[in-house]
Amino acid sequence: MSILSRYPASSPTTNLQNLTAFVVDLALLDVNSTYLASQSLLHENDAPTNDKSTLQDCLEQMSDCQDGLKQSIRRLRHLDGHDPPLTVSGQVMDVRVWLSASLTYMETCWDELADPRAALLKTLLRGAAQNKVEPLLSMALSFSERLQQPGATSIVYAFSTDHDHHRHRL
């Protein structure tokens, strides 16, 4: 719930695609931060060669992750619940594929950091985003799975204790 508590207070209600885009955007911010930290480490002159190679691999994985997250956000923000159900379902499936691939890219990077020769990098980077990105992407995948169900794009979610029967409380 701490993630959802970061949703803008000016929006007491939302639909699932906006909430999913918000969570993906949070993940993108964390990936971007880790990417910048990795770039900084890569350009340090005293970094061992094998660390630089691992960092370069991770940077490529993170770049691919960033691309997938950006595509997901764009698609979610342009999702129209008035489109035919098969169209919406296909668009949400695209989002799910991009989110799943993004999670795989980050997991691949973390796996490379698990190599004992990358112990320093692991210490510097692993905690930076892994513990933040993976739960966010898992949540976004869960939301997008629900979003793919017929009619899910028209449901309004409330962040309050509103008892209106047309709203679902979070």
Side-chain angles (χ1 to χ4, degrees), residues 1-38 58-113 125-170:
M1 283 309 242
S2 67
I3 293 167
L4 298 180
S5 69
R6 293 164 58 185
Y7 198 78
S10 62
S11 305
T13 62
T14 190
N15 58 35
L16 192 54
Q17 57 267 37
N18 287 341
L19 187 58
T20 306
F22 171 76
V23 172
V24 175
D25 194 49
L26 291 176
L28 180 58
L29 289 172
D30 287 334
V31 172
N32 288 344
S33 174
T34 302
Y35 185 89
L36 292 173
S38 298
C58 275
L59 283 167
E60 289 174 23
Q61 297 292 330
M62 283 186 258
S63 178
D64 290 340
C65 176
Q66 289 168 319
D67 291 343
L69 296 179
K70 288 174 188 174
Q71 287 176 303
S72 297
I73 292 167
R74 276 192 300 273
R75 180 60 53 93
L76 287 163
R77 290 197 174 133
H78 292 98
L79 196 62
D80 184 355
H82 296 98
D83 283 343
L86 285 177
T87 301
V88 172
S89 181
Q91 292 171 340
V92 174
M93 180 54 78
D94 289 344
V95 169
R96 290 178 64 194
V97 168
W98 292 323
L99 291 175
S100 182
S102 294
L103 182 58
T104 300
Y105 291 134
M106 291 307 293
E107 287 173 341
T108 300
C109 177
W110 303 135
D111 287 348
E112 289 182 31
L113 293 175
L125 293 177
R126 190 173 176 91
Q130 182 183 22
N131 296 331
K132 297 176 186 176
V133 173
E134 289 180 6
L136 289 169
L137 291 180
S138 294
M139 179 183 284
L141 280 164
S142 177
F143 286 171
S144 63
E145 182 178 352
R146 171 70 178 105
L147 190 56
Q148 197 167 11
Q149 297 174 5
T153 57
S154 62
I155 298 173
V156 175
Y157 292 85
F159 288 99
S160 66
T161 57
D162 188 354
H163 296 301
D164 184 343
H165 296 292
H166 299 289
R167 296 180 181 181
H168 295 273
R169 288 186 297 139
L170 293 175

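For the single chain, residues carry numbers from 1 onward in sequence order.
Pairs engaging residues 95-108 under the salt bridge (charged side-chain N to carboxylate O under 4.0 Å, His left out) rule: none recorded [sequence neighbours left out]. Here salt bridge (charged side-chain N to carboxylate O under 4.0 Å, His left out) pairs that include residues 63-74, with residues two or more places apart or in two chains, number zero.
With contacts defined as side-chain heavy-atom distances shorter than 4.5 Å, the pair L16/T153 does not qualify. At least one side-chain heavy atom of Y35 sits less than 4.5 Å from a side-chain heavy atom of L59.
Annotation: side chain to side chain donor-acceptor pair (under 3.5 Å) contacts of Q149 (sequence neighbours excluded): R146. N15 is linked by a side chain to side chain donor-acceptor pair (under 3.5 Å) to N18, counting only residues two or more places apart in sequence or in another chain. Evaluation of the side-chain contact (heavy atoms from CB on, under 4.5 Å) rule for A140 yields T20, V23, V24, L99 as partners, not counting sequence neighbours. Evaluation of the side chain to side chain donor-acceptor pair (under 3.5 Å) rule for Q66 yields N32 as partners, not counting sequence neighbours. Residues that satisfy the salt bridge (charged side-chain N to carboxylate O under 4.0 Å, His left out) test with R75, not counting sequence neighbours, are D94. Scanning for side chain to side chain donor-acceptor pair (under 3.5 Å) contacts around S100 gives an empty result, with sequence neighbours left out.
Distance check: F22 CZ to L136 CG gives 9.0 Å after rounding to the nearest 0.5 Å. For the atom pair CE of M106 and SG of C109, the computed distance is 5.5 Å after rounding to the nearest 0.5 Å. Between the OG atom in S89 and the CG atom in L147 there is a gap of 9.5 Å [rounded to 0.5 Å]. Atom-to-atom distance recorded for M139:CE and E134:CD is 14.0 Å, nearest 0.5 angstrom.
Taking all atoms of both residues into account, the shortest heavy-atom contact from C65 to S102 is O-OG, 3.2 Å. For the residue pair L69 and L137, the shortest heavy atom distance occurs at CD2-CD2, 3.4 Å. Taking both residues in full, the closest heavy atoms of E112 and C58 are given as OE1-N, 4.2 Å, listed atom of the first, atom of the second, then distance.
A donor-acceptor pair under 3.5 Å is absent between the side-chain atoms of S33 and the main chain of D30, judged by distance alone.
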Could you go through residues 79-86 and list every donor-acceptor pair under 3.5 Å that involves a side-chain atom there, pairing it with any protein atom two or more places apart or in another chain?
unit_1, atom_1, unit_2, atom_2, d
D80, OD1, H82, N, 2.9
D80, OD1, H82, ND1, 3.1

